[in-house]
There are 2 protein chains.
Amino acid sequence: MIIGDPYSRDCPTRKVLDRIADKWAVLVLGLLMGGPMRFNQLRRTVDGISQKMLSQTLKSLERDGLVSRKAFATVPVTVEYAITPLGQTLADTVDALRVWAETHMEAVTAHQQRYDAGAASGA
Amino acid sequence: MIIGDPYSRDCPTRKVLDRIADKWAVLVLGLLMGGPMRFNQLRRTVDGISQKMLSQTLKSLERDGLVSRKAFATVPVTVEYAITPLGQTLADTVDALRVWAETHMEAVTAHQQRYDAGAASGA
DNA sequence: CCGTATCCGCATCGATACTG
DNA sequence: CAGTATCGATGCGGATACGG
């Protein structure tokens, strides 16, 4: 029984990480920043996503209060998803990661190349 | 063939996301901010991690240039891992996520509770 | 059009054993 | 002590089919 390890289990970073680890969630969130969208519209834009994943992602996002779901009882059911203020703050924070990527990603790639070339020998 | 979708495939966010999606990597990175550590020392601290994962994580981190590996040819081989300046910048950025979590996580939890209680009816 | 349930392949992760 | 290779379980994720 090693449950209760002091280091990582309690830290909230884990929770956010788990949340943004879902690439679809981040993508959808970013997309919704440009305004509300309908289900299939979202599906078409992200495109690489399956209904299952989109549905699952949207539900998760809604549950977390990051996006809101509004259904219109029209003849062919219409549903609109929109980002919430809370979702905005997260999206904004995640954007910092995007900035980091744009700034340092080439350095990372360079290191990868070097490592790949033969880091074991060159040290 | 839908390869080449304009929205997400090109954006660098995906890459960072993939990187930090690995909770172990983030944890190790954060740990290394407190100074260099040896393999088993790291293993003991993170504890929930397996050798396989730690080894894999460390290798990935080293390959990306986020941590450096220094081996001492002593009788019982000694190896020290340390965070690099590049790794520092990423860790710092990830820290922003931690801050977000500490600030908004309770709001998220509250939403979850409400949703769980019966969001379908209350809407 | 919106969404859910099922089936199934695949990548991941943990546990174990063994080498330098 | 540091690290790799293999095996088996598990859960994620995609495609499909069907219901509201």
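Letters A, B, ... are given to chains in the order of the sequence lines, protein chains preceding strands, and every chain is numbered from 1.
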To the nearest Å, give me how far apart CG (B/L54) and P (C/dA15) are. 14 Å
Grab the CD-P distance between B/Q51 and D/dA5 for me, whole Å please. 14 Å
Round to the nearest Å and state the distance from A/D18 atom CG to D/dG11 atom P. 15 Å
Separation of A/F39 atom CZ from C/dC1 atom P, in whole Å? 12 Å
Under 4.0 Å, counting only non-hydrogen atoms across every strand here, what does A/K23 touch: a base, just sugar-phosphate, or nothing? nothing
Kindly say whether B/K52 contributes a backbone atom to a donor-acceptor pair with the side chain of B/S55 at under 3.5 angstrom? no
If you check every side-chain atom of A/V79, which of C/dG3, C/dG14, D/dG14 has the closest atom? C/dG3
If you look at every strand shown and take non-hydrogen atoms under 4.0 Å, does A/R69 touch a base, only sugar-phosphate, or nothing? sugar-phosphate
With a cut-off of 6.0 Å (strictly less than), are more than 12 heavy atoms of other residues, nucleotides or ligands near CD of A/Q41? yes
Would one find more than 12 heavy atoms of other residues, nucleotides or ligands at under 6.0 Å from atom CD of A/E106? no
Presence of B/R38 side-chain N/O under 4.0 Å of D/dA2 phosphate oxygens OP1/OP2: yes
From CG of A/D47 over to C1' of D/dG14, roughly how many Å is that when rounded to an integer? 13 Å
Between B/K52 and B/N40, whichever has its closest DNA chain D nucleotide further toward 5' is B/N40
Whole-Å gap separating P (D/dC1) and CG (B/L58): 16 Å
Contact under 4.0 Å: A/S55 side-chain N or O vs C/dT4 OP1/OP2: yes
Output, in order, the C-alpha distance, side-chain angles, deciding distance and verdict of side chain to side chain contact (heavy atoms under 4.5 Å, CB included) for B/V46 and B/L54. CA-CA 9 Å; B/V46 178; B/L54 180 56; 5.8 Å; no
Side-chain donor/acceptor of B/S60 to backbone N/O of B/Q56, under 3.5 Å: no
Please compare A/Q56 and A/V77 by the position of their nearest nucleotide in DNA chain D and report the one closer to 5'. A/Q56
Remember a base hit wins even if backbone is also touched, and classify B/R44 as base, sugar-phosphate or nothing at under 4.0 Å, heavy atoms. sugar-phosphate
Distance in angstrom units between B/R43 CZ and D/dG3 P, rounded: 12 Å
Between C/dT12 atom P and B/W24 atom CH2, what is the distance in whole Å? 16 Å
Please classify the nucleic acid contact of A/Y81 as base, sugar-phosphate, or nothing, using heavy-atom distances under 4.0 Å. sugar-phosphate
